[in-house]
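Worksheet for the structure shown next.
Letters A, B, ... are given to chains in the order of the sequence lines, protein chains preceding strands, and every chain is numbered from 1.
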2 protein chains.
Amino acid sequence: MDNPSTRRNRPGRRPSTAEQGVATRRALLDAAAALVAESGWCAVTTRAIAARAGVPHGAVSYHFAGKEELLREAALAATRQALAAPAAFATQAGSVAELLEGTFAWYAAGGLADPAVAQLLETARQAARDPLLRAPIAAELHDYRKALADLVRRDQQRGALAAGVPADGVAAAIAALLDGLILHLVLDPDLDTQPAAAAVLGLLAGEPR
Amino acid sequence: MDNPSTRRNRPGRRPSTAEQGVATRRALLDAAAALVAESGWCAVTTRAIAARAGVPHGAVSYHFAGKEELLREAALAATRQALAAPAAFATQAGSVAELLEGTFAWYAAGGLADPAVAQLLETARQAARDPLLRAPIAAELHDYRKALADLVRRDQQRGALAAGVPADGVAAAIAALLDGLILHLVLDPDLDTQPAAAAVLGLLAGEPR
DNA sequence: GCTCGGGTTGTCCATGCGGCCAATCGTACT
DNA sequence: AGTACGATTGGCCGCATGGACAACCCGAGC
C-alpha cells in the first residue's frame with residue numbers, strides 16, 4: 001500500500017493530470033480503508049491516511065469535503081468489496097448445507113484474521129450512527145439475504161429443506177447466525193465453532209426427535 | 001443522570017469524605033456509560049463525562065488512571081448490567097421456544113431503542129481491539145452460552161428438541177443468531193423479524209419435510 | 001509561446017483534547 | 001485544638017488534530 005506504483009506513473013504511459021487526480025483519490029480511499037481496519041475508525045487521522053497514501057495531507061482537503069466523507073466513501077467501497085465474495089458464494093453454492101459448511105470451514109481456518117472482518121465491524125458500528133452510511137449498507141445486506149433466500153427456496157423445492165417454513169425467514173436467520181458467529185468469534189477467538197456447525201447442519205437436515 | 005442526588009448527601013446521612021469519593025467515582029462511571037451509548041466511544045471526552053457527572057474535569061484524573069481505564073471500567077459495568085436481564089431470562093425460561101419467542105417479541109416491540117443496545121455494539125467493537133476489555137466480555141458471553149446450553153439440555157431430555165445434536169452447539173448457534181439479528185436490526189431497522197422467528201421456531205420444532 | 005485551470009504542496013491557524021498539579025477544603029483521628 | 005490525609009477544584013500546558021489557503025507546477029488547448 002505504501003508502494004507508490006498505486007498512484008505513480010507506470011512505465012509505458014505518461015500520467016495525464018486527470019489520471020493523477022483519480023489515482024490520488026483512490027490511493028487516499030485505499031489508505032483510509034486499510035487504516036480503519038488496522039487502528040479503528042476513530043483512531044484514524046487525515047494525516048495518517050495521507051502518509052499511508054504517499055501524498056501530502058493537504059490533498060485530503062482537496063479531494064474530499066472532509067474526513068467524514070472520505071471515511072464514509074472508503075468504508076462503503078471496502079464493504080462492497082468484502083461482501084462480494086460471500087454473496088457470490090451464496091449464489092453459486094449448490095445447497096444451504098454446502099454454503100454453511102464452506103462458511104464454517106472459513107471461520108475455522110482463521111478467516112477472522114482477514115482485516116476485512118475488522119473493517120466490517122468498524123463500519124457496522126459507524127453505520128449505526130450515520131444514516132448516510134447505514135442506508136447503502138442495509139441495501140447490501142438486503143441483497144445478500146435475497147440471494148440466500150433464493151438458495152433456500154431451491155433447497156426446499158428439492159426437498160432438502162423443510163418446505164413449511166418461510167424461505168426469507170430461513171435466509172434472515174442464517175445470515176444473522178453467520179454474522180453473529182463472527183461477532184462472537186471476534187470477542188472470543190477460542191470459541192469452538194464445531195459444535196455450533198454440527199448443531200445447525202443437524203437441525204436443518206431434520207435430526208430425529 | 002444530571003441529578004446531583006446520585007452523588008450528593010442524602011437527607012438523613014452526612015456525607016463522609018470516603019462516601020463522597022465512591023459516589024463521585026460512580027457518577028463518573030455512569031456518565032461515561034451513558035455518553036458512550038449516546039455519542040459513541042470515540043466521540044466521548046473526559047470533559048463531557050465530568051460535566052454530565054456534575055464534577056469538575058480534574059476529578060477524572062484523580063479517580064482513574066486515564067480516559068482509557070475509565071471507559072473500560074464503565075463499559076464493563078454497563079455490559080454486565082445489560083446482560084443480566086437476558087441471562088436471567090435464559091435460566092428462568094421454561095423452554096428454548098419460550099426464550100426465543102420472548103426475545104423476538106422484545107425485538108419487535110422496539111427493544112433496539114434501548115441505549116443499552118448501542119452501548120453493547122460500542123463495547124463489542126472496542127473489545128475487539130482491547131484485550132483487557134475482551135477477556136471479561138468473553139467470560140460474560142461464555143456464561144450466557146452456558147445457561148442457554150442448560151436450557152437446551154432440559155428441552156432435549158423432555159423430548160422437545162432433537163437429542164442428536166450437541167446442546168452446546170445449539171446454544172452457541174442460538175446466541176449467535178440472536179446477537180446477529182440485533183446487528184442486522186441496528187443496520188436495517190425496517191427488517192421484519194417475523195419470518196425469521198417463524199423459521200427458527202419451525203425448524204427447532206422439527207417441521208415436516 | 002502563452003495562457004488557462006486542475007492538481008499539488010507545505011504552511012498556518014484555531015480548536016479541543018488528555019493529563020498534570022498546586023492550592024484548598026473538610027473530615028477523622030489524636 | 002491541632003494535625004494528617006484523602007477528596008476537590010480549576011487553571012494550565014503541550015500537543016495533535018481537521019481544515020483552509022496561497023503559492024506552485026505542468027500539461028492541454030489555442
Side-chain angles (χ1 to χ4, degrees), chain A residues 4-10 12-32 35-36 38-75 126 130, chain B residues 4-10 12-32 35-36 38-75 126 130:
Chain A
S5 73
T6 317
R7 58 180 292 275
R8 289 306 177 195
N9 31 345
R10 300 201 201 159
R13 297 272 306 135
R14 244 194 311 274
S16 109
T17 57
E19 285 171 342
Q20 278 288 6
V22 283
T24 300
R25 228 187 107 92
R26 189 174 203 99
L28 282 171
L29 286 171
D30 290 345
L35 280 176
V36 164
E38 275 175 33
S39 326
W41 190 284
C42 39
V44 162
T45 68
T46 55
R47 280 172 166 81
I49 295 172
R52 167 75 69 110
V55 302
H57 99 276
V60 174
S61 303
Y62 179 77
H63 286 281
F64 299 91
K67 183 192 188 186
E68 210 174 300
E69 184 188 297
L70 166 56
L71 286 187
R72 195 184 299 126
E73 210 164 314
Q126 183 66 13
D130 180 3
Chain B
S5 72
T6 318
R7 56 180 295 270
R8 290 306 179 196
N9 30 346
R10 298 201 203 160
R13 298 272 306 135
R14 244 196 311 276
S16 108
T17 56
E19 287 171 341
Q20 277 289 8
V22 181
T24 299
R25 231 187 104 93
R26 189 176 203 99
L28 283 171
L29 286 171
D30 290 344
L35 280 176
V36 164
E38 276 175 32
S39 326
W41 191 285
C42 38
V44 163
T45 68
T46 56
R47 282 172 163 82
I49 295 172
R52 168 74 69 109
V55 302
H57 89 276
V60 173
S61 302
Y62 180 77
H63 286 281
F64 299 90
K67 184 194 187 183
E68 209 175 301
E69 183 188 298
L70 166 56
L71 287 187
R72 196 185 298 128
E73 209 164 314
Q126 184 65 15
D130 179 4

#### Entry: Nearest-angstrom distance from the residue atom NE2 of His63(B) to P of dG18(C)
17 Å
### Summary
Taken to the nearest whole Å, CG/Leu28(A) to C1'/dT9(C) is 14 Å
### Query
Closest approach of Val60(A) and Ala50(A), non-hydrogen atoms and distance?
CG2-CB, 4.3 Å
### Message
Please tell me if Thr24(A) has a side-chain N or O lying less than 4.0 Å from either OP1 or OP2 of dT8(C).
### Response
yes
### Task
Just call it for Ser61(B): base, sugar-phosphate, or nothing, with non-hydrogen atoms closer than 4.0 Å on any strand.
base
### Task
Return the value, rounded to whole Å, for the distance between atom CG of Leu71(B) and atom C1' of dG18(C).
12 Å
### Summary
Here the distance between atom P of dG6(C) and atom CZ of Arg25(A), to the nearest Å, is 16 Å
### Query
Do you know which two heavy atoms are closest between Ala59(A) and Leu28(A), and how far apart they sit?
O-CD1, 4.1 Å
### Query
Do Arg47(B) side-chain and dG16(C) base share a donor-acceptor contact under 3.5 Å?
no
### Query
Expressed in angstrom and rounded to an integer, what is the separation of Gln20(B) atom CD from dT24(C) atom C1'?
16 Å
### Message
Regarding Val22(A), tell me which of base, sugar-phosphate or nothing describes its non-hydrogen contacts under 4.0 Å with the strands shown.
### Response
nothing
### Shortest non-hydrogen contact from Val44(B) toward Lys67(B)
O-NZ, 2.8 Å
## Note on the structure
Separation of dG18(C) atom C1' from Trp41(B) atom CH2, nearest Å, is 16 Å
### Query
Does a distance-only test, which skips hydrogens and angles, find a donor-acceptor pair under 3.5 Å between the side chain of His57(B) and the base of dG11(D)?
yes
### Message
In the structure I gave you, are the side-chain heavy atoms of Leu29(B) and Phe64(B) within less than 4.5 Å of one another anywhere?
### Response
yes
### Message
Just the rounded figure in Å: distance from P of dG19(D) to CG of Leu70(A).
### Response
10 Å
### Task
Using a cut-off of strictly less than 4.0 Å, decide whether Tyr62(B) has a side-chain nitrogen or oxygen near OP1 or OP2 of dA7(D).
yes
### Task
Quickly work out the Ile49(B) CD1 to dG16(C) P distance and round it to whole Å.
17 Å
### Query
Got more than 12 heavy atoms from elsewhere within 6.0 Å of CD, Glu68(B)?
no
